[in-house]
Visitor: 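Structure in structure tokens, see below.
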Amino acid sequence: MLRGKIALVTGSAKGLGKRTALTLAGLGCDVAVNYVNSENEAYTLADQLKSMGVRAMAVQADIASRGDNARLVETIERTWGTIDILVNNAGPFVRERRTFDEYEPDEIDYLMRGNLLGVMELDRLVLPGMKRKRWGRIIHFGFGRAAEARGWPHRAVYAAAKVGLVSFTKTLAAEQAADGITVNMVCPGDIRGANKEKSIDEVRHLNDEEFPGVRQGSGEDVARVIAFLCLPESDFLTGNIIEVSGGFDPIRSLAETKPNG
């Protein structure tokens, strides 16, 4: 269904990005795997994708770096041609719970660049090729209920960047629709650890401790939504902020947890 399309999935050596890369390859996409530090995992994944009958490459780049972004896109386009699908999965996240005043200025800059400005730069780099083809798919990543511009205690910078990305997603979608380019955002729920790379069948028997009666989320839950948005027949879907969270609000429970709890 996407045979011959060229896809770049940022931060795809592991986790949700890896599962997305595998899903797109299964639909026939040639996939560029992007990594920062996980070189072994990236090249192993590239070999796995090649075994599925598609082209694959691994390219090191930090999305927070403007120079790295330019080199990343130039490497792919010089080798294969212009990018058809861009999945902006990568984004730095500080796991330590801190109030905003506890962040250093350099940390604020890095989080904003990695989660907002770097994404905007990548989008700008791939748009010329998409516009020439009059076809393109851009996917952004958010967090649960980001479209509400909600507060997220102890995640102030990350949340601000992603909420800004919500507005940018909707604006870019409106601007590029006439050129056959769709722009959407997926907002994964609290999909944890190894589950990020698992299939739905692998987690179907695992109940979520915070939400009794609901199974845990998997990487396939997110990847299958991304794959659907990338299909040619999904050209009527653009500017959407799509929750993949089981219908629950994991951010609320996380925010209410005491820092030392």
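The basis for the numbers below is simple: all heavy atoms, side chains too, and nothing from hydrogens, waters or symmetry mates.
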Visitor: Run the side-chain hydrogen bond (donor to acceptor under 3.5 Å, both in side chains) check on Asp62 and Tyr110 step by step: do they pass?
Guide: CA-CA 10 Å; Asp62 186 342; Tyr110 188 70; 2.9 Å; yes
Visitor: Hey, does the side chain of Asp68 reach the backbone of Ser65 with a donor-acceptor pair shorter than 3.5 angstrom?
Guide: no
Visitor: Under 4.5 Å between any side-chain heavy atoms of Ile226 and Val9, yes or no?
Guide: no
Visitor: Got a donor-acceptor contact below 3.5 angstrom from the Ser245 side chain to the Pro188 backbone?
Guide: no
Visitor: Is a side-chain donor or acceptor of Arg150 paired with a backbone partner of Gly144 at a separation under 3.5 angstrom?
Guide: yes
Visitor: Any luck finding a side-chain donor-acceptor pair between Asp47 and Thr44 under 3.5 Å?
Guide: no
Visitor: In a check of side-chain contact (heavy atoms from CB on, under 4.5 Å) between Gln60 and each of Val36, Asn37, Thr75, which one passes?
Guide: Val36
Visitor: Stepwise, does the side chain to side chain contact (heavy atoms under 4.5 Å, CB included) test hold for Leu8 with Asn34?
Guide: CA-CA 7 Å; Leu8 165 59; Asn34 161 248; 4.2 Å; yes
Visitor: If you define the side chain from C-beta out and look only at heavy atoms, does anything of Ser12 sit under 4.5 Å from Val31?
Guide: no
Visitor: Cation-pi check for Trp80 against Arg78: NZ or CZ below 6.0 Å from the six-membered ring centre and within 45 degrees of the axis, yes or no?
Guide: no
Visitor: Working to the nearest 0.5 Å, report the span between CD of Glu74 and CG of Asn69.
Guide: 13.0 Å
Visitor: Taking Arg19 for the side chain and Gly219 for the main chain, is one N or O donor matched with an acceptor at less than 3.5 Å?
Guide: no
Visitor: Go through the steps for His154 and Arg98 under the test side chain to side chain contact (heavy atoms under 4.5 Å, CB included), then give the verdict.
Guide: CA-CA 5 Å; His154 305 105; Arg98 293 190 234 159; 5.7 Å; no
Visitor: Tell me, yes or no, whether the heavy-atom count around Arg124 atom CZ, taken from other residues, nucleotides or ligands under 6.0 Å, exceeds 12.
Guide: no
Visitor: I'd like to know if the side chain of Asn195 reaches the main chain of Ile191, judged simply by a donor and an acceptor atom lying under 3.5 Å from each other, with no hydrogens or angles considered.
Guide: no
Visitor: Can you list the steps and then say if Leu165 with Asn115 is a side chain to side chain contact (heavy atoms under 4.5 Å, CB included)?
Guide: CA-CA 8 Å; Leu165 194 57; Asn115 288 291; over 6 Å; no
Visitor: What's the separation between atom CG in Asp235 and atom CD1 in Ile181, rounded to the nearest 0.5 Å?
Guide: 12.5 Å
Visitor: Any donor and acceptor pair, going by atom type alone, linking the side chain of Gln176 with main-chain N or O of Ala173 inside 3.5 Å?
Guide: no
Visitor: How about Arg224: does its CZ atom have over 12 heavy atoms from other parts shown lying under 6.0 Å from it?
Guide: no
Visitor: When you compare the side chains of Ser51 and Gln48, does any donor N or O come within less than 3.5 Å of an acceptor on the partner?
Guide: no
Visitor: Using atom types as modelled and distance alone, determine if a side-chain donor or acceptor of Arg137 lies under 3.5 Å from a backbone N or O of Ala227.
Guide: no
Visitor: So, taking the atom named CD1 in Ile63 and the one named CD in Glu121, what distance separates them when rounded to the nearest 0.5 Å?
Guide: 9.5 Å
Visitor: Would you list the atom pairs, donor with acceptor, under 3.5 Å between side chains in residues 86-94 and any protein atom, with sequence neighbours excluded?
Guide:
unit_1: Asn88; atom_1: ND2; unit_2: Asp123; atom_2: OD1; d: 3.1
unit_1: Asn88; atom_1: ND2; unit_2: Ile139; atom_2: O; d: 3.4
unit_1: Asn89; atom_1: ND2; unit_2: Thr10; atom_2: O; d: 3.1
unit_1: Asn89; atom_1: ND2; unit_2: Gly11; atom_2: O; d: 2.8

Visitor: How many angstroms lie between atom CG of Leu122 and atom CD1 of Ile83, to the nearest 0.5 angstrom?
Guide: 8.0 Å
Visitor: Quick one: pull up CG in Asp179 and NZ in Lys131 and give me the separation to the nearest 0.5 Å.
Guide: 3.5 Å
Visitor: Do any N or O atoms from the side chain of Asp84 and from the backbone of Trp135 form a donor-acceptor pair under 3.5 angstrom?
Guide: no
Visitor: Are Lys198 and Gln216 linked by a side-chain donor-acceptor pair shorter than 3.5 Å?
Guide: no
Visitor: Working to the nearest 0.5 angstrom, can you tell me the gap between Leu237 CG and Cys230 SG?
Guide: 11.5 Å
Visitor: Regarding Arg3 and Asp30, does a basic nitrogen lie under 4.0 Å from an acidic carboxylate oxygen?
Guide: no
Visitor: Heavy-atom count check: over 12 atoms from other residues, nucleotides or ligands less than 6.0 Å from Lys133 NZ?
Guide: yes
Visitor: Decide whether Thr99 and Asp101 meet the rule of one side-chain donor and one side-chain acceptor closer than 3.5 Å.
Guide: yes
Visitor: Could you tell me whether Lys162 sits above the aromatic face of Trp152, with NZ or CZ closer than 6.0 angstrom to the six-membered ring centre and within 45 degrees of the axis?
Guide: no
Visitor: Keeping the roles fixed (side chain from Glu197, backbone from Ala194), state whether a donor-acceptor pair exists under 3.5 Å.
Guide: no
Visitor: Ignoring hydrogens and angles, state whether a donor on the side chain of Tyr35 or Asn40 is under 3.5 Å from an acceptor on the partner side chain.
Guide: no
Visitor: Before giving the answer on side chain to side chain contact (heavy atoms under 4.5 Å, CB included), spell out for Glu41 and Lys18 the whole-Å C-alpha distance, their side-chain angles and the decisive distance to 0.1 Å.
Guide: CA-CA 9 Å; Glu41 293 89 341; Lys18 176 180 179 179; over 6 Å; no
Visitor: Should we count CE of Met1 as having more than 12 external heavy atoms under 6.0 Å?
Guide: no
